[in-house]
2 protein chains.
Amino acid sequence: MSTKPKSPARPPSSAVEDYLERILGLINTKGYARVVDIAQSLDISQASVTNMVQRLDAEGLLNYEKYRGLVLTPAGEALAKNITHRHELLTDFLKLLGLDDAVIYHDVEGMEHHISPPTLRAIEALTAHLTRQPSLLARVREQLDAN
Amino acid sequence: MSTKPKSPARPPSSAVEDYLERILGLINTKGYARVVDIAQSLDISQASVTNMVQRLDAEGLLNYEKYRGLVLTPAGEALAKNITHRHELLTDFLKLLGLDDAVIYHDVEGMEHHISPPTLRAIEALTAHLTRQPSLLARVREQLDAN
DNA sequence: AATCTAATTTAGGCTTACCTAACTTTATTG
DNA sequence: CAATAAAGTTAGGTAAGCCTAAATTAGATT
Ligand SMILES: [Mn+2]
Ligand SMILES: [Mn+2]
Ligand SMILES: [Mn+2]
Ligand SMILES: [Mn+2]
């Protein structure tokens, strides 16, 4: 059987992607993701996190037991890994250009939600090739530092 | 005297940037931007456009005369030119990678709102240098076409 | 000038995604 | 094991951005 389409199945919102990305990150580093952890990590109130977690449960992206905890479903984990991949690839690309880490983080956190698969693949390929062209990168950074 | 800060002066939302960008575009191509033009062009209802236009007037980004028309203020025009610049630069960059026009348009329309000045300058410099490296670009596109 | 039509505005609603304050449940600890 | 503290939930709100339907205004047509 195929996965059941809850509705027309809109693409996940930026907020949903950010929650899933962070939940996966917390699970990978702490072993679990409690409401209070997610709230601190995203700088959002616990009440808002509870609300979103219940919604993600209803949408089949995670299993949530009230007052207990949560685990990502296969669908939720797939989305989480996907957004994480976009985040990492964009970060790698911008690092090549010698940008400040804080700037990179801020911009990536927004842009990651608007990159389609073809664009992602293109930037991935470009990043790989640029890594083998330190001379070109050096010239780019040189021009940037000159202002 | 300086321009008056209406409030803490948050950065313009993506919606505000999209409206301003489109209004400037319509003025540049048709000479004017009526509510009905903006609505058609953004595929948003006329009622929503009226609402936003009144808000942009209140925020000092354009001057609106009810039932008549609108003109961008210097502040609104500056913002409009700025977002337009981000749009064009990102488009130029992605065009280098040989992506489909529709994909480029879609992704740029989202990403343009999340690019800080340093990142924009870096991509600008990279685009300039890549333009002089057709061989590298050819290799990148080659790898992309191979899947 | 009265009428018809296109453009615009207003009124009333909806959804997403956040908030604070108050309450409940679970975990810790003396 | 009762009391306190921490975590989580619920209730009630807000603001941005959108919508449709029902006025209203302006411009064009007879
Ligand atoms: Mn993000
Ligand atoms: Mn991210
Ligand atoms: Mn846009
Ligand atoms: Mn744009």
Side-chain angles (χ1 to χ4, degrees), chain A residues 6-23 26-27 30-71 76 79 83 109-110 112-114, chain B residues 6-23 26-27 30-71 76 79 83 109-110 112-114:
Chain A
K6 318 296 173 188
S7 310
R10 285 156 300 181
S13 68
S14 297
V16 165
E17 290 190 330
D18 283 338
Y19 273 94
L20 290 174
E21 183 185 14
R22 195 56 55 96
I23 288 168
L26 285 167
I27 290 176
K30 306 187 57 166
Y32 53 87
R34 292 173 308 170
V35 166
V36 67
D37 299 321
I38 302 166
Q40 271 182 24
S41 183
L42 289 177
D43 195 24
I44 282 171
S45 76
Q46 290 183 197
S48 297
V49 172
T50 293
N51 206 273
M52 178 62 88
V53 159
Q54 289 174 347
R55 171 181 151 193
L56 295 177
D57 177 294
E59 290 177 5
L61 298 175
L62 52 80
N63 291 323
Y64 184 52
E65 273 191 90
K66 242 185 195 182
Y67 295 105
R68 291 305 178 168
L70 58 89
V71 289
L79 281 180
I83 179 66
E109 207 43 64
E112 62 185 1
H113 309 289
H114 305 278
Chain B
K6 319 296 175 189
S7 309
R10 285 156 299 181
S13 69
S14 297
V16 165
E17 290 190 329
D18 283 339
Y19 274 93
L20 291 175
E21 183 186 14
R22 195 55 56 96
I23 287 168
L26 285 167
I27 288 176
K30 306 188 56 167
Y32 54 86
R34 292 173 309 171
V35 166
V36 68
D37 300 320
I38 302 167
Q40 271 183 23
S41 183
L42 289 176
D43 194 26
I44 282 172
S45 76
Q46 291 183 197
S48 296
V49 172
T50 293
N51 206 273
M52 177 62 88
V53 159
Q54 288 174 348
R55 170 181 151 194
L56 296 177
D57 177 294
E59 289 177 7
L61 298 175
L62 52 79
N63 291 323
Y64 185 54
E65 273 191 90
K66 243 186 193 177
Y67 293 106
R68 294 306 181 165
L70 58 88
V71 289
L79 281 181
I83 179 66
E109 208 44 63
E112 62 184 2
H113 309 289
H114 305 279

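Residue numbers begin at 1 in each chain, while the letters A, B, ... track the order of the sequences.
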Novice: Run the ring pair (Phe, Tyr, Trp, His ring centres under 6.0 Å) test against A:His114 and tell me which residues pass, sequence neighbours left out.
Specialist: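 Ring pair (Phe, Tyr, Trp, His ring centres under 6.0 Å) check on A:His114 returns B:His114.
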Novice: I need a per-nucleotide contact map over nucleotides 1-19 of chain D, read 5' to 3'. Cutoff is protein heavy atoms under 4.0 Å; write B for the base, S for backbone only, - otherwise.
Specialist: -------BBB------SBB
Novice: Does the side chain of A:Arg34 come within less than 4.5 Å of A:Leu26's, by heavy atoms?
Specialist: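 Contact flag for A:Leu26/A:Arg34 side chains = no.
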Novice: Can you spot which of B:Leu61, B:Ile38, B:Asp57, B:Leu56 makes a side-chain contact (heavy atoms from CB on, under 4.5 Å) with B:Leu70?
Specialist: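 That would be B:Ile38.
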Novice: Does any non-hydrogen side-chain atom of A:Val53 lie less than 4.5 Å from one of A:Tyr19?
Specialist: no
Novice: Is any side-chain heavy atom of A:Glu17 closer than 4.5 Å to one of A:Leu79?
Specialist: no
